[in-house]
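The structure appears right after this line, and notes come after that.
So you know, we letter chains A, B, ... as the sequences are listed, proteins then strands, and number each from 1.
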Amino acid sequence: RLRKWQRRIRISNATERNLAFALSELDRMASALGLPKSVRETAAVIYRKAVDKNLIRGRSIEGVVAAALYAACRQAGVPRTLDEIATYSRVDRKEIGRTYRFIARELGLKLMPTSPADYVPRFCAALGLSGDVQKKAIEIIKKAEEKELTSGRGPTGVAAAAIYIASILGGERRTQREVAEVAGVTEVTIRNRYKELAERLGIEIIL
Amino acid sequence: MKKDYKIKIENVVASTQIGENIDLNKIAKEVKDAEYKPKQFPGLVLRTKEPKAAALIFRSGKVVCTGSKSVEDANRAVRQVVKIISELGIPVILEPEVKVQNIVASADLGVDLNLNAIAIGLGLENIEYEPEQFPGLVYRLDKPRVVVLIFGSGKMVVTGGKNPEDAVKAVERIAEELSALGLM
DNA sequence: GCTTTAAAAAGTAAGAT
DNA sequence: ATCTTACTTTAGAAAGC
């Protein structure tokens with residue numbers, strides 16, 4: 001009986017130690033990614049739910065922390081790409097992605113895929129673009145979604161192409177290379193997407 | 001009039017038992033195009049050209065055959081592998097019972113699809129759609145127990161079925177569901 | 001969990017030309 | 001800029017780490 005009691009203490013110590021480690025890891029990543037406290041808290045709640053449902057089994061604490069952060073960012077409408085999350089994690093993008101899919105399903109986090117529009121404010125800010133261009137880019141994305149030409153396309157690629165077009169239309173032109181760098185996609189992808197958007201939305205682009 | 005969904009079997013995975021204690025080293029030495037790297041993987045790889053397939057042969061005598069475009073081709077490929085090994089003087093079962101483990105098929109609904117709308121229509125709890133990671137929407141069915149990858153082009157991939165009929169049923173069911181939802 | 005096999009879908013990526 | 005090759009996802013079996 002005393003054994004049983006000691007075992008409980010040992011387990012709770014380990015549980016607390018793991019939780020403390022997870023929360024410090026969460027704080028470290030959130031700070032590095034410049035995320036607001038509200039997102040950190042949402043991620044912490046998701047992480048605790050995952051622990052309560054024993055979803056950590058067979059997975060690293062760091063992987064679940066990274067996945068919880070990724071989910072929290074999306075839920076808050078301020079998405080970070082898996083590549084950005086992976087940059088500050090010991091876990092690779094592929095593992096964070098599959099852990100995210102797993103906990104999202106198990107915790108019933110019914111999240112729609114990220115809209116390219118959610119990346120616009122952050123990408124435009126990084127490019128020093130005006131609110132006017134930002135508005136224009138979001139407008140282009142809305143039309144693209146209505147005309148169903150975003151199915152299966154990466155949200156960042158669509159966002160990058162819309163911003164590229166908007167920057168030209170707004171007289172604040174950025175090069176494909178500059179936009180590609182902040183969006184984390186290649187110039188080839190921006191080229192493919194923007195040609196498609198311009199053509200199917202009837203936008204004239206004078207280079 | 002039934003629509004033509006262009007259902008095509010792309011790959012058949014089957015397994016069998018052709019004997020026991022197979023001498024893989026001997027096969028590797030005598031058969032020129034055999035690949036055997038026991039440190040990397042316990043199975044020896046033997047490829048057939050007609051029908052085109054790849055067989056993984058294990059010391060236990062178990063064999064996995066993949067790459068066939070039909071169940072019959074999988075059987076033909078296994079017969080060829082058995083023949084090749086028996087001609088090396090290794091005792092094998094000449095007509096082993098081949099069991100289909102998985103069939104991968106492709107299909108085409110013929111219309112572009114709005115995957116976001118489908119994700120909502122079929123229920124976020126039943127599907128997986130993460131365009132940042134993969135362009136296809138993943139839909140797991142219970143009735144034929146298969147997994148279907150649905151793309152914006154209307155094309156899809158059905159996998160996990162054991163009978164060619166599973167793929168046909170899955171495609172027809174999805175077409176019905178999407179039509180009922182007005183998403184096709 | 002991983003390793004190896006094969007094949008399709010469509011998007012994205014990387015290196016070569 | 002365009003081509004080629006390659007990697008992402010799905011399922012399943014095999015023997016062993």
Paired to D:dA11 by Watson-Crick or G-U wobble criteria (both distances under 3.5 Å) is none
Rounded to whole Å, CG of B:Leu56 lies from P of C:dA7 at a distance of 13 Å
Note: for B:Lys62 and B:Phe151 on DNA chain D, the residue whose nearest nucleotide lies more 5' is B:Phe151
Looking just at side-chain N and O atoms, do A:Glu62 and A:Ser89 make a donor-acceptor pair shorter than 3.5 Å? no
Ignoring hydrogens and angles, state whether a donor on the side chain of A:Ser115 or A:Glu145 is under 3.5 Å from an acceptor on the partner side chain.
yes
Exercise for review: Mind checking B:Val64 for me? I need base, sugar-phosphate or nothing, with any heavy atom below 4.0 Å counting as a touch.
Suggested key: base
In the structure I gave you, are the side-chain heavy atoms of B:Val148 and B:Val157 within less than 4.5 Å of one another anywhere?
no
Rounded to whole Å, NZ of B:Lys155 lies from C1' of C:dA9 at a distance of 8 Å
Mind checking the P distance from D:dT9 to C:dA13? Whole angstroms is fine.
-> 15 Å
Is the shortest side-chain N/O distance from B:Lys8 to OP1 or OP2 of C:dA7 below 4.0 Å?
no
Paired to C:dA14 by Watson-Crick or G-U wobble criteria (both distances under 3.5 Å) is D:dT4
Practice prompt. May I ask you to decide whether A:Arg105 forms a salt bridge with B:Glu125, counting only side-chain N to carboxylate O separations under 4.0 Å?
Written response: no
message: Within the 4.0 Å heavy-atom criterion, would you say B:Gly136 contacts the bases, only the backbone, or no part of the nucleic acid?
response: nothing
note: B:Asn102, atom CG; C:dT5, atom C1'; distance rounded to Å ~ 12 Å
Separation of C:dG1 atom P from A:Lys94 atom NZ, nearest Å, is 12 Å
In whole angstroms, the gap separating C1' of C:dA9 from CG of B:Leu113 amounts to 13 Å
Requested in this report: Provide the distance between the two P atoms, one in D:dT8 and one in C:dT3, to the nearest whole Å.
Outcome: 10 Å
Item to complete: Verify the contact: side-chain N or O of B:Ser106 to OP1 or OP2 of C:dA9, cut-off strictly under 4.0 Å; return yes or no.
Response: no
Under a 4.0 Å heavy-atom cutoff, the residues of residues 177-199 of chain A touching DNA chain C are A:Gly184, A:Val185, A:Thr186, A:Thr189, A:Arg193
Discussion item. Under 4.5 Å between side-chain heavy atoms, counting indirect links through other Ile/Leu/Val/Met/Phe/Trp/Tyr residues: same cluster for B:Leu113 and B:Leu183 or not?
Written reply: yes
5'-most to 3'-most nt of DNA chain D touching chain B (<4.0 Å, heavy-atom partner on protein side) reads D:dT8 to D:dG16
note: B:Phe134, atom CZ; C:dA13, atom C1'; distance rounded to Å ~ 15 Å
Over all strands shown, is A:Arg98 touching base, sugar-phosphate only, or nothing at heavy-atom distances under 4.0 angstrom? sugar-phosphate
Note to self: Are the side chains of B:Ile22 and B:Arg59 in contact, using a 4.5 Å heavy-atom criterion?
What the structure shows: no
Between C:dA9 and D:dT2, how far apart are the two C1' atoms, rounded to whole Å? 23 Å
Original post:
Salt bridge between B:Lys69 and B:Glu10, side-chain N to carboxylate O under 4.0 Å?
Top reply: yes
task: Mind checking A:Arg101 for me? I need base, sugar-phosphate or nothing, with any heavy atom below 4.0 Å counting as a touch.
output: sugar-phosphate
Classify the side-chain pair A:Ser130/A:Gln134 by whether it contains a donor and acceptor separated by less than 3.5 Å. no
Rounded to whole Å, the NZ-C1' distance (B:Lys52 to C:dT5) equals 12 Å
Exercise. At under 4.0 Å between heavy atoms, what does B:Ser68 touch on the DNA or RNA strands: base, sugar-phosphate, or nothing?
Worked result: nothing
**Prompt:** Can you tell me if B:Gln133 and A:Arg93 form a side-chain donor-acceptor pair at under 3.5 Å?
**Reply:** no
### Task
Check whether any side-chain heavy atom of B:Glu177 sits under 4.5 Å from a side-chain heavy atom of B:Leu122, and report yes or no.
yes
Sorted by position of nearest nucleotide on DNA chain C, 5' first, the leading residue of B:Val13 and B:Gly154 is B:Val13
Sorted by position of nearest nucleotide on DNA chain C, 5' first, the leading residue of B:Glu35 and A:Arg153 is B:Glu35
Rounded to whole Å, the CG-C1' distance (B:Asp108 to C:dA9) equals 10 Å
Assign each of B:Gly43 and B:Val157 the nucleotide of DNA chain D bearing its closest heavy atom; nearer the 5' end lies the nucleotide of B:Val157
### Message
Side chains of A:Ile205 and A:Tyr194, heavy atoms from C-beta outward: is any pair under 4.5 Å?
### Response
yes
